[in-house]
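Here the structure is laid out as structure tokens; the discussion comes afterwards.
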Amino acid sequence: MTYLFISDLHLSPKHPRLTRGFLDLLIHYAHKHTQLYILGDWFDAWLGDDDHAPWLDEIVDALQKFCLHGNRVYFQAGNRDFVLGKGFLDQFHGILLPEVAQLHIGKQRIRLEHGDALCTDDVSYQRFRKIIRQPLLLGLLMKTPLKFRQRLAQGFRKQSQVSQQNKNMTIMDVNQHAVTRALTSVDILIHGHTHRPEIHPHDAKTRIVLGDWREQSAEAKILEINLQGEWKMLTWPIA
């Protein structure tokens, strides 16, 4: 069995190469008895499971074929797709994970999360995150027309881009105290979000940061773990 971890694909109809890279990944791992974990920002923007855009059909079809081989797909919400839910995942028997999840692989205790909650120095973002994810507000937003949500998301994205330009890069990275707390009861922490793929030792423990998918460099950093808990970072080519 292969445990495969990816994040920050940011798939959208504007970037077909990234979608092709994901579909190629599914084909490559289809016969490897794969447990695929997607740790957030799978899509560049997900505004509700009622979005039935035609470009998604190929992705759903590929996921259905992938799962027919006995593979499983697990999804953990990111900051760009936190409203993606069972309506989409049920099409291929995908499993929605909580914001923080734990795995035991071999002798390794592993914590999974998208990573944005670890960036506690970015106070304005954490405040926005807390507000926008309130169940009542989300419930109201999901009742509005899809086009309204699309315009709203565009506005949020522009605001975010302006805000990031005025922030120190260290503020948008993880806070070390938050990482220490996250590692308290586990051996390995795996996350994405920061777009800074790297292996970070923390005493006898390890933090593994997954990479974002990039058209310019035509590659992505992904993680494989075998049944014994042995892991390796791989570079996945984006054709």
Side-chain angles (χ1 to χ4, degrees), residues 1-10 21-22 24-42 63 66-67 69-79 81-82 84 89 92-121 173-214 219-237:
M1 179 183 292
T2 298
Y3 295 88
L4 180 64
F5 301 85
I6 62 177
S7 73
D8 299 281
L9 288 74
H10 295 278
F22 176 62
D24 289 343
L25 184 87
L26 295 179
I27 293 170
H28 180 79
Y29 283 93
H31 299 283
K32 297 190 176 186
H33 198 189
T34 303
Q35 305 283 303
L36 173 60
Y37 290 82
I38 305 172
L39 305 189
D41 285 4
W42 185 2
L63 287 163
F66 178 76
C67 292
H69 291 288
N71 305 305
R72 301 300 296 270
V73 177
Y74 299 83
F75 170 72
Q76 192 171 46
N79 53 294
D81 49 17
F82 58 87
L84 193 155
L89 296 174
F92 47 91
H93 304 292
I95 298 170
L96 181 64
L97 296 174
E99 287 187 20
V100 174
Q102 288 198 12
L103 284 177
H104 280 80
I105 303 177
K107 295 182 179 180
Q108 303 287 356
R109 299 167 300 168
I110 301 171
R111 173 177 170 132
L112 308 175
E113 59 183 295
H114 176 58
D116 57 332
L118 298 170
C119 302
T120 55
D121 292 331
D173 202 355
V174 297
N175 175 281
Q176 292 304 309
H177 293 296
V179 168
T180 299
R181 289 193 296 270
L183 281 165
T184 299
S185 59
V186 298
D187 304 300
I188 300 174
L189 167 63
I190 304 173
H191 71 85
H193 180 67
T194 62
H195 298 188
R196 301 176 185 184
E198 189 61 76
I199 310 296
H200 298 275
H202 286 261
D203 295 324
K205 302 183 177 186
T206 306
R207 176 169 68 97
I208 302 176
V209 187
L210 303 172
D212 57 317
W213 290 45
R214 305 181 184 185
E219 64 181 35
K221 294 295 184 182
I222 63 177
L223 177 71
E224 272 190 20
I225 302 181
N226 64 21
L227 276 173
Q228 290 72 44
E230 299 165 337
W231 52 264
K232 57 183 177 181
M233 276 289 248
L234 302 173
T235 298
W236 179 253

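For the single chain, residues carry numbers from 1 onward in sequence order. Since the model is a prediction, treat every value here as computed from it, not as a measurement.
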Atom [atom1] in [X], atom [atom2] in [Y]: separation rounded to 0.5 Å?
X    : Y    : atom1 : atom2 : answer
L9   : W236 : CG    : CH2   : 11.5 Å
L97  : F75  : CG    : CZ    : 9.0 Å
Q76  : I95  : CD    : CD1   : 13.0 Å
W231 : I110 : CH2   : CD1   : 10.5 Å
M1   : I225 : CE    : CD1   : 13.0 Å
T206 : L189 : OG1   : CG    : 10.0 Å

Practice prompt. Mark yes when over 12 heavy atoms from residues, nucleotides or ligands other than H177 sit less than 6.0 Å from its NE2; otherwise mark no.
Written response: no
Practice prompt. May I ask you to check whether N79 and H193 show a side-chain donor-acceptor distance below 3.5 Å?
Written response: yes
Taking side chain as C-beta onward, heavy atoms only, is [X] less than 4.5 Å from [Y]?
X    : Y    : answer
L25  : W213 : yes
L36  : F66  : yes
R207 : K205 : no
C119 : N175 : no
D173 : R196 : yes

Practice prompt. Pick out which of T194, I190, D8, I6 makes a side-chain contact (heavy atoms from CB on, under 4.5 Å) with L210.
Written response: I190
Response to the item:
Given the options V174, L112, L39, H191 meets side-chain contact (heavy atoms from CB on, under 4.5 Å) only with V174
Worksheet item: Any idea which heavy atoms bring S7 and G192 closest together, and the distance?
Response: OG-CA, 3.5 Å
Item to complete: Provide the closest heavy-atom pair for H200 versus H202 in the form atom of the first, atom of the second, distance.
Response: O-CD2, 3.4 Å
Worksheet item: Taking only residues two or more places apart in sequence or in another chain, which ones pass side chain to side chain donor-acceptor pair (under 3.5 Å) with T235?
Response: K221
Item to complete: Could you pull out all residues at least two apart from N71 that satisfy side chain to side chain donor-acceptor pair (under 3.5 Å)?
Response: none
Discussion item. Test side chain to side chain contact (heavy atoms under 4.5 Å, CB included) on C67 and V73; report intermediate values, then the result.
Written reply: CA-CA 8 Å; C67 292; V73 177; 3.8 Å; yes
Item to complete: Please identify each residue that fulfils side-chain contact (heavy atoms from CB on, under 4.5 Å) with L234, with sequence neighbours left out.
Response: Y29, I222, E224, K232
Item to complete: Please identify each residue that fulfils salt bridge (Lys or Arg N to Asp or Glu O under 4.0 Å) with D212, with sequence neighbours left out.
Response: R214
Practice prompt. Not counting sequence neighbours, which residues clear salt bridge (Lys or Arg N to Asp or Glu O under 4.0 Å) with D116? List them please.
Written response: R129, R133
Discussion item. Working note: Y74 + Q35, criterion side chain to side chain donor-acceptor pair (under 3.5 Å); need CA distance, chi angles, decisive distance, verdict.
Written reply: CA-CA 8 Å; Y74 299 83; Q35 305 283 303; 3.1 Å; yes
Worksheet item: Do N226 side-chain atoms and G229 backbone N/O form a donor-acceptor pair below 3.5 Å?
Response: yes
Worksheet, complete the sentence: So the side-chain hydrogen bond (donor to acceptor under 3.5 Å, both in side chains) pairs with at least one residue in residues 100-112 (sequence neighbours excluded) are R109-D187, R111-E113
Worksheet item: So, H31 versus H69, ring centres under 6.0 angstrom or not?
Response: yes
Worksheet item: Looking at H10 versus W42, is the centre-to-centre ring distance below 6.0 Å?
Response: no
Item to complete: May I have the step-by-step check of side chain to side chain donor-acceptor pair (under 3.5 Å) for R72 and H93, ending in yes or no?
Response: CA-CA 8 Å; R72 301 300 296 270; H93 304 292; over 6 Å; no
